[in-house]
Amino acid sequence: MPDQGQPFPEIRLPKIPARTIGLLVGAVVLLAILFSSVYTIEPEEVGVILTLGRYSRTSEPGLHVKAPFGIDKLYKVPVRRQLKEEFGFRTTQAGVRSEFARRGYEDESLMLTGDLNSAVVEWIVQYKISDAEQFLFRVRAPRETFRDISEAAMREIVGDRSVTEVLTTGRVEVADEVKLILQRLCEQYELGIDVQVVVLQNVNPPAPVQPSFNEVNEAIQEKEKLINQAVADYNQAIPRAEGEAHATILAAEGYALNRVNRAKGDVALFDALLTEYRKAPDVTRRRIYVESMREILAGMERKVIVDESLRGILPLLPLGKEEVKP
């Protein structure tokens, strides 16, 4: 360590030639020009170039060159990526079990229905940027504008329907009509956005009245269940009754046909007997008598035959008493 009375030794920098300094400055300038003029567009993007603040061209995916030092300004727009806007909630963590935050977004989701009831409507709008130039330069804040018109369209459609329709049967129709209105407004404002789909994520009554709504929904479901059961019983009983009626009609028709055929057979038999009777009346009459007696006597349990020539003796018959069989 030098003494305090002695000065520090003089430090002399090495002399750099002016040519070397010029080369270093040129290299730095060349690198700056290179980095500010060469750019890459990803496959899902396009690059919009402004030359001195005015739109110049649109670059497709790949490696391109532009004027350096801010003469050309580049904006990358993801035109091939599907974007989405969430209303009434925000996704805090996406995955197999996504997590959502709803606190603080009640102003977006709380709506008045057509029958003067309240409903909490949460929905998602998925869209693509169809025209990068319009998206960047036609509207000052395109994303905020798109969110505003999305909320306005949803409130318009929900305000024309009852709370029951919004909560149950009319959800798909509400989403479709909001998509049509939103697309028309995007074209009117030249936002350069193509609306892909509108999905009602969650529709519920407000928390203070949710138990009452749940009871009403349970009653409606029970009503529908009973109606379906009644329709099922009706559909089961009516075909069975119709089948039984048809079977009864067929049986009656068969009985009628049988009776008619038997009557025709009896007439044909009578005609045949009449023809034979006319040929030989005595023989035919005796034959009919014999055949008739044969049928009558065959069906009798007890027979008593009395000779017609018997006179003076009254036969004693056990009338009114059953014959005791050994």
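Below, all heavy atoms of this structure are taken into account, side chains as well, without hydrogens, waters or symmetry copies.
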Is the shortest distance from a Lys or Arg side-chain nitrogen in Lys76 or Glu42 to a carboxylate oxygen in the other one below 4.0 Å?
no
Side chains of Leu167 and Pro205: closer than 4.5 Å at any heavy-atom pair?
yes
Looking at Ile71, is its backbone amide N or carbonyl O close enough to the side chain of Lys66 to form a donor-acceptor pair, meaning the two atoms are under 3.5 Å apart?
no
Pairs in or reaching into residues 147-167: which pass side chain to side chain donor-acceptor pair (under 3.5 Å), with residues at least two apart or in two chains?
Glu85-Arg147, Glu108-Arg147, Glu151-Arg155, Arg161-Glu173, Arg161-Glu177
What is the minimum heavy-atom distance between Val125 and Phe146, and which atoms define it?
CG1-CZ, 3.5 Å
Output for pair (Phe135 CZ, Tyr75 OH), nearest 0.5 Å, gives 13.0 Å
Nearest atoms (heavy-atom pairs only) where Leu200 meets Arg171
O-NH2, 3.0 Å
The single option from Arg81, Lys128, Arg80 passing salt bridge (Lys or Arg N to Asp or Glu O under 4.0 Å) against Glu44
Arg81
Residue pair Tyr127, Lys84: steps toward the side-chain contact (heavy atoms from CB on, under 4.5 Å) verdict:
CA-CA 6 Å; Tyr127 65 96; Lys84 73 174 182 178; 5.6 Å; no
Measure from the side-chain N and O atoms of Glu45 to the backbone N and O of Val79, and report whether any donor-acceptor pair falls under 3.5 Å.
no
For atom OH of Tyr55, decide whether the heavy atoms of other residues, nucleotides or ligands shown that lie under 6.0 angstrom number more than 12.
yes
For the atom pair CG (Leu63) and OG1 (Thr40), what is the distance rounded to the nearest 0.5 Å?
4.5 Å
When you compare the side chain of Val166 with that of Ile157, does any pair of heavy atoms fall below 4.5 Å?
no
In this structure, CH2 of Trp123 is separated from CD of Gln201 (nearest 0.5 Å) by 12.0 Å
Please list, chain by chain and in numerical order, all residues satisfying side chain to side chain contact (heavy atoms under 4.5 Å, CB included) with Ser130, sequence neighbours excluded.
Asp194
Between Asn117 (side chain) and Thr113 (backbone), is there a donor-acceptor pair under 3.5 Å?
no
Write down the atom of Glu144, the atom of Ala141, and the distance for their closest heavy-atom approach.
OE1-CB, 3.2 Å
Within a 6.0 Å radius of atom CG on Asp266, are there more than 12 heavy atoms belonging to other residues, nucleotides or ligands?
yes
Joint cluster assignment, Val195 & Ile129, ILVMFWY side-chain distance < 4.5 Å:
yes
Given side-chain contact (heavy atoms from CB on, under 4.5 Å), test Glu187 with Gln183 step by step and report yes or no.
CA-CA 6 Å; Glu187 295 173 357; Gln183 184 62 57; 3.5 Å; yes
Is there a side-chain contact (heavy atoms from CB on, under 4.5 Å) between Lys73 and Ile49 once you walk through the steps?
CA-CA 6 Å; Lys73 193 172 183 179; Ile49 304 297; over 6 Å; no
Examine distances only and state if a side-chain atom of Gln236 and a backbone atom of Tyr234 form a donor-acceptor pair shorter than 3.5 Å.
no
Between the main-chain N or O of Val163 and the side-chain N or O of Asp115, is there a donor-acceptor pair closer than 3.5 Å?
yes
Using modelled atom types and a 3.5 Å cut-off, is there a donor and acceptor pairing between side-chain atoms of Arg138 and backbone atoms of Glu190?
no
On a heavy-atom basis, the closest approach of Ser118 and Leu110 is CB-CD1, 4.3 Å
Begin from the C-alpha positions of Val121 and Ser109 and carry the test side-chain contact (heavy atoms from CB on, under 4.5 Å) through to its verdict.
CA-CA 5 Å; Val121 182; Ser109 59; 5.6 Å; no
Using 0.5 Å steps for rounding, measure from the CG atom of Leu191 to the CD1 atom of Ile149.
5.0 Å
Arg143 CZ to Ile193 CD1 distance, which is reported to the nearest 0.5 Å:
10.5 Å
Once you round to the nearest 0.5 Å, how far does CD1 of Ile124 lie from CG of Asn202?
10.5 Å
Just by modelled atom types, is the Gly254 backbone N or O under 3.5 Å from a matching donor or acceptor in the Asn258 side chain?
no
Considering all heavy atoms of both residues, which atom of Ser56 and which atom of Thr51 are nearest to each other, and what is their separation?
CB-OG1, 3.2 Å
Just wondering, more than 12 heavy atoms not from Arg287 lying within 6.0 Å of its CZ?
no
Does a donor on one side chain and an acceptor on the other come within less than 3.5 Å for Glu86 and Thr91?
yes
How close do Ala153 and Ile181 get, counting heavy atoms only, and between which atoms?
CB-CG2, 3.8 Å
Verify same cluster id: Met154, Tyr105 (apolar side-chain graph, 4.5 Å):
no
Aromatic Phe100 / basic Arg90 pairing, under 6.0 angstrom, 45° off normal:
no
Examine the side chains of Asn235 and Asp233 and answer whether a donor and an acceptor come within less than 3.5 Å of each other.
no
